[in-house]
Colleague: 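Got a structure for you, written out below as structure tokens; questions coming shortly.
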There are 2 protein chains.
Amino acid sequence: MSARRKLESAAGVEAPGAGRGARKQMTRERLLDAALTLMSGGNSFPSLSLREVTREAGVVPTAFYRHFHDMDELGLALVEECGLTLRRLLREVRKAGVPTTDIIRHSVAIYLQYVRAHPRHFRTAASERNGGSPAMRQAIRNEVGHFVREMAQDLRLIGYRSDLPTEALEMICSLVINTMLNAASDILDLPADQPQLTRELEENFISQIRLVFLGAEQWRADPDVRHKK
Amino acid sequence: MSARRKLESAAGVEAPGAGRGARKQMTRERLLDAALTLMSGGNSFPSLSLREVTREAGVVPTAFYRHFHDMDELGLALVEECGLTLRRLLREVRKAGVPTTDIIRHSVAIYLQYVRAHPRHFRTAASERNGGSPAMRQAIRNEVGHFVREMAQDLRLIGYRSDLPTEALEMICSLVINTMLNAASDILDLPADQPQLTRELEENFISQIRLVFLGAEQWRADPDVRHKK
DNA sequence: ACTATATGTGCACACTTGTTCACAGACAGC
DNA sequence: GCTGTCTGTGAACAAGTGTGCACATATAGT
């Protein structure tokens, strides 16, 4: 299939009867997909060239401009896609409901499963969160911010620490999510043939999340630290 | 000074009486410095070109090869430099001793001061930790790993949670350090003319660290989670 | 059915990039 | 002091890059 793409270069030839806008979106997605694929092979986004992407997508370089002004614009679109994945993940976890035993382990399991199902999205998110262009960083930060707020609201809804102000809940969630993203990056970097290391990393990850929630249970809304010794 | 560099391009002309090895190391450091400077201006390491670096360093492209085979090799040297900075930070904190009141706030203050004193090192560390080439990622992971172990040992020495196995202490420290690096990245990205936002971020950061240690105090060595409900 | 439009092609251009090679000058050891 | 060695220079090259332009061709609206 990849070879097929490379041989018959004409994107318009592959789907000659699908409506105009539909085909446009198809090649647009092919460009995005190409970028993701290239990134999952060691390359990082800022080092991708426009031509490289179009080549991988099976499209002539100039066709790129029909969809994006810039590589940066493609980057932003990518971030949006990753954000979408994140939100679907949240919905998935919500759907699973609130198990009575070992909530954390359960949620983490869903999370890890999701990470492995969308490795390219998570790698991109983790990698460009601090690395990419300033614009891309900001975009990712926004996405993560949304995620944090949604998660905090979810905790609200299930009545978790309902005595805390939203601010505090979001602080906690942000810590959790940072930990999640770091773990995703670590796990995706692991050689696939090391199930032992994988398990260790996962256990470590679970421990960290558990630790955070242990702290969260003890958190006091407004500790007046200056008078505390 | 930057202009001076660009005008008189000959590096050998600038310091004509300083010993051979010494001058070699000087231009080597200039190359490293150039890379750091370029990175602190939006560029990320993988997008740097060899020529760009030599240009900024005020050296002809071919001179690069006298110091590094590769850009990757320069990257590794950079990581080492960042690791050195991290270790000096740790020594600084150690030197400060163990204040009796509000240890966390105190340590965080030192940390933030350090981050602002070496912004380029911390940006690089945060950014290439997930973004760079696989080799660079691994190198950073090693440095961070050392840091984690040293910090865990320090906690040991001051008798913090001496009942816990080293493994658990390291898990805690790794969580702390992840949070530290994320915070560094966030803070360095902030527009400099927003002291209010800066303060909020710092407070949030302190809260997170505090939360982690709150959890750490409650952590049980071997919670048999399967029998716990 | 005819025409205008939008998507993808092909070619062109000016640049930048990494790397090779012969060369110049400063230093170190005899 | 002479000679060999090492660091930095300069010109050169092939390859890759972003982008502008005129062209094809399938589609949508009349």
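Here is the naming used below: chain letters follow the sequence lines, and residue numbers restart at 1 for every chain.
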Colleague: Tell me: CZ of A:R28 to C1' of C:dA6, nearest whole Å?
Modeller: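 After rounding, the gap between these two atoms is 16 Å.
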
Colleague: Round to the nearest Å and state the distance from B:E73 atom CD to C:dG18 atom P.
Modeller: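 Taking atom P of C:dG18 as the reference, CD of B:E73 is at 15 Å.
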
Colleague: Under 4.0 Å between a side-chain N/O of B:T27 and OP1 or OP2 of D:dT7, yes or no?
Modeller: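 Indeed not, no polar side-chain atom of B:T27 lies that close.
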
Colleague: Using only side-chain N and O atoms of A:R66, determine if any of them is under 4.0 Å from OP1 or OP2 of C:dA6.
Modeller: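 It does not, given that no N or O in the side chain of A:R66 lies less than 4.0 Å from OP1 or OP2 of C:dA6.
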
Colleague: Output the rounded distance in Å from CD (B:E52) to P (C:dT16).
Modeller: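 Nearest whole value for this atom pair: 11 Å.
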
Colleague: Could you tell me whether A:E202 and A:R116 make a salt bridge, using a distance below 4.0 angstrom between a side-chain N and a carboxylate O?
Modeller: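 Yes, A:E202 and A:R116 are salt-bridged.
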
Colleague: Quick one: which of D:dC6, C:dT9, C:dT17 gets closest to the side chain of B:R20?
Modeller: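 Within the option list, the nearest is D:dC6.
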
Colleague: Decide, yes or no, whether a salt bridge links A:E92 with A:K95 under the criterion of side-chain N to carboxylate O below 4.0 Å.
Modeller: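 Here A:E92 pairs with A:K95 in a salt bridge, since their nearest N and O are under 4.0 Å apart.
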
Colleague: Rounded to the nearest angstrom, tell me the gap between atom CZ in A:F64 and atom P in D:dG16.
Modeller: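 Distance check: A:F64 CZ to D:dG16 P gives 20 Å.
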
Colleague: Just how far, in rounded Å, is C1' of C:dG18 from CG of B:L74?
Modeller: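 Distance, rounded to whole Å: 15 Å.
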
Colleague: Please tell me which of the listed nucleotides, C:dG8, C:dT16, D:dT17, lies nearest to the side chain of A:A63?
Modeller: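 Minimum distance to the A:A63 side chain belongs to C:dG8.
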
Colleague: Please figure out whether B:G21 or B:D70 has its closest DNA chain C nucleotide nearer the 5' end.
Modeller: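 Upstream on the strand: B:D70.
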
Colleague: Using the ring-ring contact (aromatic ring centres under 6.0 Å, His included) criterion, which residues pair with B:Y111? Sequence neighbours excluded.
Modeller: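 Testing B:Y111 for ring-ring contact (aromatic ring centres under 6.0 Å, His included), a comparison that skips the adjacent residues, returns B:F122, B:F205.
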
Colleague: Does a nitrogen or oxygen in the side chain of B:H69 sit under 4.0 Å from OP1 or OP2 of C:dT19?
Modeller: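 False: B:H69 side-chain N/O out of range (4.0 Å or more) of C:dT19 OP1/OP2.
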
Colleague: So, does B:K24 use its side chain to make a donor-acceptor pair with the main chain of B:H67 at under 3.5 Å?
Modeller: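 The answer is no, because no donor-acceptor pair under 3.5 Å joins these two groups.
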
Colleague: Nearest to the B:R23 side chain among C:dG8, C:dA26, C:dT17, which nucleotide is it?
Modeller: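 Nearest nucleotide to the side chain: C:dA26.
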
Colleague: Start at the 5' end of DNA chain D and walk down; is the nucleotide closest to B:R51 or to A:P61 reached first?
Modeller: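 By nearest-heavy-atom nucleotide position, the 5'-most residue is B:R51.
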
Colleague: Do the charged groups of A:R87 and A:E143 touch, with an N to O distance under 4.0 Å?
Modeller: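 Salt bridge: yes.
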
Colleague: What is the separation between atom CG on B:D72 and atom C1' on C:dG18, rounded to the nearest whole Å?
Modeller: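 Whole-Å distance recorded here is 13 Å.
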
Colleague: Tell me the interatomic distance from A:E29, atom CD, to C:dT7, atom C1', rounded to whole angstroms.
Modeller: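 From A:E29 CD to C:dT7 C1': 16 Å.
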
Colleague: Ignoring backbone atoms, establish whether B:T62 has a side-chain N or O less than 4.0 Å from OP1 or OP2 of D:dT9.
Modeller: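 For D:dT9, neither OP1 nor OP2 has a side-chain N or O of B:T62 closer than 4.0 Å.
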
Colleague: Below the 4.0 Å mark, does C:dT17 have OP1 or OP2 next to a side-chain nitrogen or oxygen of B:R55?
Modeller: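 So the side-chain polar atoms of B:R55 do come within 4.0 Å of the phosphate oxygens OP1 or OP2 of C:dT17, strictly under.
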
Colleague: In whole angstrom, give the distance that lies between atom NZ of B:K24 and atom P of C:dA28.
Modeller: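 Result: 14 Å.
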
